[in-house]
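By convention here, the first residue in the shown sequence is residue 1. In listed order, ligands and their atoms are each counted from 1. Excluded from the calculations below are hydrogen atoms, water molecules and symmetry mates; all remaining heavy atoms, backbone and side chain alike, are included.
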Amino acid sequence: MRMSRGVRIGIAGTGFIGAVHARSARLAGARLVGVAASSPQSARIAAAALEAERAFDSAEELVESPDVDVVHICTPNNIHVPLAEAALAAGKHVICEKPLALDAASAASLTATAAASGRIAAVPFVYRYHATAREARERVASGATGPLRLIHGSYLQDWLLRPHDDNWRVDEDLGGASRAFADIGSHWCDLAEFVSGHRITRVCARTVTALPERYRSEAHAAFQSVNGHGTARPVTTEDVAIVQFETDRGAVGTTVISQVSAGRKNRLLLELDGAHEALEFNQEEPESLWVGTREHVKLIKRDPESLSDAARPYATLPGGHPQGYGDCFDAFVGEVYRAATGGDVAAGLPTFSDGLRAATLTDAVLASAREQRWVDVTSPSPVFI
Ligand SMILES: NC(=O)c1ccc[n+]([C@@H]2O[C@H](COP(=O)([O-])OP(=O)(O)OC[C@H]3O[C@@H](n4cnc5c(N)ncnc54)[C@H](O)[C@@H]3O)[C@@H](O)[C@H]2O)c1
């Protein structure tokens, strides 16, 4: 952590997640040199709110600035690739939000560019940083859980439940052809593969656009999530994805991804059924990991004293003092800065290769849903960095 103190960072995109990045960056001792937003004026407002040293007129100017060592790309999805390419070309380390790209081909090309650059190129699949998710991973890897037979779960939200709920993600041009799956299904698959050690090899998917019309508002154009009162327009991106899959190590599974499930705010649930025990991780209640055997069920608490060596580093507070999403981001950003300033690249740091993996799965899910058949998950060109 000490090495990375004073690392100079810039954040492009200052909405929900840009502010989360800024907080974690500050905690890691970085200098927030500047921010860029959708206009020079909104960048100035954001710079004041986030206490950045300056506002850049554009994201393009920020990613090339000689004053910045690490670029955080927190913009709408459609400009992730050009901004990340420009940042890498300018010699920057890059944290780019998911989805890395709007399709697997452009994610593969960007990942290859990142690998050739020798820079750190990371994607915030931050649910990996819950100590109880690491504990589940360790139980599977150590053999305690036994060979996995079934991997299942869901990622449910309700913020797009109603026709007047609006956001740039709804628009294919800004968010990409997949909405719910690319936005949150990507997180579920990343965590499922990370914890299980399995790779999804085939998918059979169905997508549903529960609300075929939504109301666009002017605030939507200004990149704010709002209740739109404007004109009704057709929606082409999915609200729901249901995916059945097989893995390379003989497990089968399902996941249900939804942004229209009332009362569910951010409920990522992952269950792994092995020959000896089952494990359940719930992102909204990450203080314990449920472990079931036929005779007993138990909860492993996120207590440094009872966790394995693999999970303990992510339990930064004593048991009974809850940690959550923000702590995951802090751990992720800390690992990126350490690697970017000459420290080790931590095992499990999610990189552009993982972003490419998510884009590949998204393409397969869309193809399966469109063609109503099983589709093999094949990466355009796997590149590991
Ligand atoms: N890793 C995670 O857990 C996580 C969580 C939420 C969002 N995200 C990702 O972060 C990204 C942003 O999502 P959000 O929820 O913060 O969206 P948001 O709508 O809250 O914020 C988007 C921001 O981008 C800015 N912006 C728009 N066009 C821009 C441009 N041309 N140049 C610079 N800035 C521009 C807007 O002004 C706004 O500040 C998305 O890709 C999303 O998938 C990731």
Discussion item. If you take the nearest heavy atom of each of Glu97, Arg169, Lys98, which one is closest to atom 14 (P) of ligand 1?
Written reply: Arg169
Fill in: Side chain, backbone, both or neither: the part of Phe125 lying under 4.0 Å from ligand 1 by heavy atom
neither
Worksheet item: Ser178 and Glu238: side-chain donor and acceptor closer than 3.5 Å?
Response: yes
Discussion item. Using a 4.0 Å cut-off to any heavy atom of His80, which atoms of ligand 1 qualify?
Written reply: 41 (O)
Discussion item. One thing to verify: whether Asp69 and Lys92 come together as a salt bridge, which I'm taking to mean a side-chain N less than 4.0 angstrom from a carboxylate O.
Written reply: no
Worksheet item: Is Ala59 in polar range of ligand 1, meaning some N or O pair under 3.5 Å apart?
Response: no
Fill in: Residues, nucleotides or ligands: over 12 heavy atoms within 6.0 Å of Glu284 CD
yes
Discussion item. Looking at Asp354 and Lys98, is there a salt bridge between them, counting it only when a charged N and a carboxylate O are closer than 4.0 Å?
Written reply: no
Item to complete: Would you mind running through ligand 1 and noting each atom that sits below 4.0 Å from a heavy atom of His187?
Response: 1 (N), 2 (C), 3 (O)
Worksheet item: Short list, please: which atoms of ligand 1 are under 4.0 Å from a heavy atom of Gly15?
Response: 16 (O), 20 (O), 21 (O), 23 (C), 38 (C), 39 (O)
Worksheet entry | Residue part near ligand 1, for Asp183, under 4.0 Å between non-hydrogen atoms | side chain
Discussion item. With a 4.0 Å cut-off on heavy atoms, is Pro76 in contact with ligand 1?
Written reply: yes
Item to complete: Have a look at Ala12, Pro99, Ala37 and point out the one with the heavy atom closest to atom 33 (C) of ligand 1.
Response: Ala37
Discussion item. Taking CD in Glu305 as the centre, count heavy atoms belonging to other residues, nucleotides or ligands within less than 6.0 Å. Is the count above 12?
Written reply: no
Discussion item. Taking 4.0 angstrom as the limit and counting only heavy atoms of Phe16, give me the atoms of ligand 1 inside it, by number and element.
Written reply: 5 (C), 6 (C), 15 (O), 16 (O), 20 (O)
Worksheet item: Is there a heavy atom of Tyr325 sitting under 4.0 angstrom from any atom of ligand 1?
Response: yes
Worksheet item: Does any non-hydrogen side-chain atom of Trp374 lie less than 4.5 Å from one of Ser368?
Response: no
Worksheet item: At a 4.0 Å threshold, what atoms of ligand 1 neighbour a non-hydrogen atom of Thr14?
Response: 23 (C), 39 (O)
Discussion item. If we set the cut-off at 4.0 Å for heavy atoms, which region of Cys74 has an atom near ligand 1: side chain, backbone, both, or neither?
Written reply: backbone
Discussion item. Any nitrogen or oxygen of Ile17, side chain or backbone, less than 3.5 Å from one on ligand 1?
Written reply: yes
Worksheet entry | Row check, Phe194 ring normal vs Arg137 NZ/CZ: under 6.0 Å, within 45° | yes
Worksheet item: Between Glu51 and Arg26, is there a salt bridge with N-O shorter than 4.0 Å?
Response: no
Worksheet item: Checking ring pair (Phe, Tyr, Trp, His ring centres under 6.0 Å) for the pair His187/Phe125: CA distance, chi angles, key distance, verdict?
Response: CA-CA 6 Å; His187 269 300; Phe125 284 122; 5.5 Å; yes
Worksheet, complete the sentence: Among Ile73, Thr75, Val20, the residue with a heavy atom nearest to atom 11 (C) of ligand 1 is Thr75
Worksheet entry | Salt-bridge present (Glu61, Arg54; N to O < 4.0 Å) | yes
Worksheet item: Mind checking whether Asn77 has an N or O less than 3.5 Å away from an N or O of ligand 1?
Response: yes
Item to complete: Compute the shortest N/O to N/O distance between Pro124 and ligand 1 and return yes if it is under 3.5 Å, no if not.
Response: yes
Worksheet item: Charged N to carboxylate O below 4.0 Å: is that the case for Arg162 and Asp165?
Response: no
